Each structure stands twice: as structure tokens, then as C-alpha cells.
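In what follows, a structure is listed as C-alpha cells, so that the remarks can point back to it.
Just the heavy atoms: all of them, side chains too, but no hydrogens, waters or symmetry mates, feed the values below. Just so it is clear, the model here is predicted, and its values are computed rather than measured.
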Amino acid sequence: MSQGHSSERTTTVRFPEGFLWGAATAAYQIEGGAEDGGRGRSVWDDFSHTEGKVAHGHTGDIACDHYHRLDEDLALMADLGLQSYRFSISWSRVLPGGFGEVNREGLDFYHRLVDGLLARGIVPNITLFHWDLPSALEEHGGFRSRDTVHWFADYAALIARELGDRAPMIATFNEPWCYAYLGHADGHHAPGLRDDKAAVTVAHHQLLAHGLAVDAMRAERNDLSLGIVINPSLARSEGEPPAPADALRRIDGIQNRWWFDALLTGQYPADVMEGFGALADAVLPGDLEQIARPLDWIGLNCYFDSLFSGLDPDPAQAGAPGNQPVLSFPTVRSVRPAPVRAEHTDMGWPITPDGFRELLVRLHHDYPDLPPVYVTENGCAYDDPVVDGVCDDQRRIAFLTRYLTALRAAMDDGVDVRGYYQWSLFDNFEWAFGYDQRFGLVHVDFDTLTRTPKASAHWYRGVVAANGLPG
Ligand code: GCO
């Protein structure tokens, strides 16, 4: 696709009537109130409080203090004209022990959130698991244990029972690849393990938990709209030496095909299973059938193409910084992250709108049963300051213009996309990067907790109102 800047400025890009525009957040990244209202600890509390795990020792203890500023934040969402708000529920806030006794006060927070959204005409879109597993369950082996699969289904049923009447749109998991592999293979995320077999087990158990939760929620109510959120990404070679083709194929299998094949065809890809061998011992007969339950929609979180180089074969370079193998794809030890591209966000992530379009079109072609798609996350980190009350983040507007143009082109190519959620509503706790990486439409001053809508927030309000990009 051509991405000429001049044509972007003059082209008007319209979306189909009924297209849903929203913004997304996640519980641990914004709520704070870590000790309040009977909330139990999660693996992210434990991880962020472990020295050396998160930049500057930042934690989500306070974050955006959304737990205490719900009314102010709801008013902000209404001001921005959001049509939908995607948020996650903190499992340990509603079930401090992971199962068993319900913490009514925690659950009431989500009742107030849902009611507050509806009162403002904003469609709630709930995610049940955005990585903050209750610590009590981690003590039982977390998602490495098959027991957690059943506890998740019980938790899902509880939420469907409590909130499903007013918030029928529910996703089970957010980016299970990240929780499995960043959490258990390369240790960059909670719970911080480096154990390939644990990672593959967690990848499988999350999908199994998803399938059981779908059944458990449908048993509670038959009018829910259920989905799951995956983060697919095209794996490409860049730089020298090139990444081996076989490694890229394995990465594609682990990051992409594993999830879509299981969910939509009821099988794991044969090449990935063969590569995993005994690492995938957790996969038992009957599991895939349970996983491949019909879905009402699928969420895709899309940011960038994954770019890899081969390792420098010079023995003198072995172990040198910058020549370390990527650890987040078990069985693949022959690639390293490609050098940061000229065109990147402040996070160092490459800007790849063409890949975004190509990825959507590929999924549409490869999976005839792909359900309607929501882009549940897309966005960029830019560190623009507030000067005289204004945060002029023109780079975000430029980034979003290019990605939304690519999204519309993918829809013209036949991909059935029903909505788009900007990541994120607020600057927030960006996991192991702490508060350094600012993804928000709304700037948050983490000393005063003052919220300042950025230029992009005003721009996005216009996009939502016009159902498209300004001409
Ligand atoms: C993810 C998560 C978000 C992140 C965002 C930016 O995609 O990793 O869903 O919680 O904050 O993606 O990294």
C-alpha cells in the first residue's frame, strides 16, 4: 500500500456505519488501590516489588489511581466521545484467593464502572485476564497447573452472572502469548520464569481455560458476546545476517498459528507440535475440542511487525550485547532482535502500517472461520510533555492516521472488522518499562495524577464523531 504523506492529508477515510470506536486499558496498569477494598495480591504486585524487575522500581500500587477516581475518569471518557471502553477485571480484586470467597467491595467497583459507562452510552468490553493472576493461585503453580484452568472457568462464570446482563461483551484472555512466553520463557514479565516447558504448558492451559470459560459463561447466560484477544505479528527478517527462514517459520507458528489454529480449527499446527516435542506434554486428548468453542468475535492487538536478524557467527561476537538470542520462542535460538529502525516510536517499536494491513488480510484468507474482528489494541508510546496545559502529540496523530488508513484498506480487502480500540486511554504502568513509556490519549502526571487530554485525544474525538479520518 502506498503511504505517501501528501495523499494521507487529503484523503478522507470513512468507516462503515455502526463501526465501534473505543479506547482500552488494563486493571493493573491503571487501577492502583492495590491494598484497598479487600483486594488480594497478584503476580504483578509480587513481580514489580521484586528488585530489578521493573524500570526504576516502579509498581502499580497507585498507577493512575483509577480505583479512586472512577467518576472523574468516566466523565473524561464521555467528554472524549468514546463509544466503547475496553477494560480488564482484576481477578484478585473480586476473588482475593483466586477462588472461593467473593470480595463484594471489589466486585462493586466493576458494577459501578459498568453502570457508569452505560449511563453515558458507552459500551463496556470486559477482559477477564490481562496477566494479573492472583498470587494465591501462583502459589499453587499458576497456569502451569491444570487446576487453575478450572478456577478460571469459575471466575468467568461469576463475572458473567454478575455483569453479563449489562456487559455482554466479554473476552477471556488478553495476549496469552505474552503471559506464557514473556512470563515463563524469557522472564521479562511476571511471574518471571525462564522455563520453556512451563511456558508451553501455560500457553496451552490458557487456551483450555478459555474454552472451559466459554462454556461456563454460556451456561450462565445465552446472550453473551464472547471473544478472546490475541496479539499476532508478522515475523520478518531485517538486517545482517538474515534471520534463518526456518526460525521465522517457527516464530510464526508459536506467535500466530498456534492460537488461531487451535481456536478456529481445533488443532495445533503440526510443525509447532513436532518442534515442541515433550515441551507440549500438557496437551491431553480432548483438550483441543474444548478449546475450539465457537466465538462471537476475536480481538487483535496490533502494534508492529516482529523484526529479527540472525546471530553474528563470528565466535568473538558470541555472547556480546546485541548478539543475544531471543528467548521468548522455545526451540528458536538462532535470532536476535533486529537493530532499531529509523522509523520507530519512543519505545523503539518499528512503525509498520503496511504489515498491519497484510496481517489482517492474511488471517482473513488463512482462516475461513475467522469471526468478526475487533482491533482491541493499537497505539504508540511517545513522550510529549505538557506545556502550558497542552500536550501536542502530533507524532501520535500521524501514527494513528497511518494505521487507521491501513485498517480501512484491509477492510476494503474483505476483512470483517467491527471496531477499533486505541491503546491506551491513559498514560499508565507499561509493565517492565514502568511509567517511562506513555501510550495514552490522556497524559497523566504521575506526581499529581492530573489528567490532561493530549492533542490526539481531541483529534480522536473528531475521528469518532466523523466515523473516519478528517479530510
Ligand atoms: C500488550 C498489552 C498492553 C500493553 C500495550 C503496550 O499489548 O502488551 O495488552 O497491556 O500496555 O500493548 O505494550
Fill in the blank from the handout: The salt bridge (charged side-chain N to carboxylate O under 4.0 Å, His left out) partner of D73 among R112, R120, R451 is R451
Handout entry: Carboxylate-amine/guanidinium proximity below 4.0 Å for R418 and D416
Key = yes
Exercise for the section: Salt-bridge test for R166 and D115: reply yes if a basic N is under 4.0 Å from a carboxylate O, no otherwise. Expected result: yes
Exercise for the section: Give a yes or no on whether the backbone of D147 and the side-chain of W151 come within a donor-acceptor separation of less than 3.5 Å. Expected result: no
Exercise for the section: Under the side-chain contact (heavy atoms from CB on, under 4.5 Å) rule, what do Y179 and L133 come out as? Steps first, then yes or no, please. Expected result: CA-CA 10 Å; Y179 190 69; L133 187 79; 3.6 Å; yes
Problem - R236/E358 salt bridge by N-O under 4.0 Å criterion - result: yes
Handout entry: Test item: side-chain donor near acceptor, D261 and Q267, under 3.5 Å
Key = no
Practice task
Classify the angle between the aromatic ring planes of F308 and F329 as parallel (below 30°), tilted (30 to 60°) or perpendicular (above 60°).
Solution key: perpendicular
Exercise for the section: Using a strict 4.0 Å threshold on nitrogen-to-oxygen distance, state whether D252 and R257 make a salt bridge. Expected result: yes
Problem - H49 and D61 side chains, donor-acceptor separation under 3.5 Å - result: yes
Practice task
Give a yes or no on whether a salt bridge exists between R104 and E162, defined as a side-chain N under 4.0 angstrom from a carboxylate O.
Solution key: yes
Practice task
Measure from NZ or CZ of R438 to the centre of the six-membered ring of Y382, then state whether that distance is under 6.0 Å and the direction lies within 45° of the axis.
Solution key: no
Problem - D445 backbone acceptor or donor facing T450 side chain under 3.5 Å - result: no
Handout entry: Parallel, tilted or perpendicular, as decided by the 30° and 60° cut-offs, for the rings of F99 and H140
Key = tilted
Practice task
Indicate yes or no: does R221 engage D223 in a salt bridge with an N to O separation below 4.0 Å.
Solution key: yes
Handout entry: Electrostatic pair D45-R39, nearest N-O below 4.0 angstrom
Key = yes
Exercise for the section: Before accepting this row, confirm whether a basic side-chain N of the pair E31/R93 lies closer than 4.0 Å to the acidic partner's carboxylate O. Expected result: yes
Handout entry: Parallel, tilted or perpendicular, as decided by the 30° and 60° cut-offs, for the rings of H189 and W131
Key = tilted
Practice task
Could you walk me through whether E138 and R144 pass salt bridge (charged side-chain N to carboxylate O under 4.0 Å, His left out), step by step?
Solution key: CA-CA 9 Å; E138 183 60 21; R144 302 178 296 293; 3.0 Å; yes
Practice task
Would you check if there is a donor-acceptor pair between the side chains of S135 and S42 at a distance under 3.5 Å?
Solution key: no
Handout entry: Pair W21, N467: side-chain N/O donor-acceptor within cut-off below 3.5 Å
Key = yes
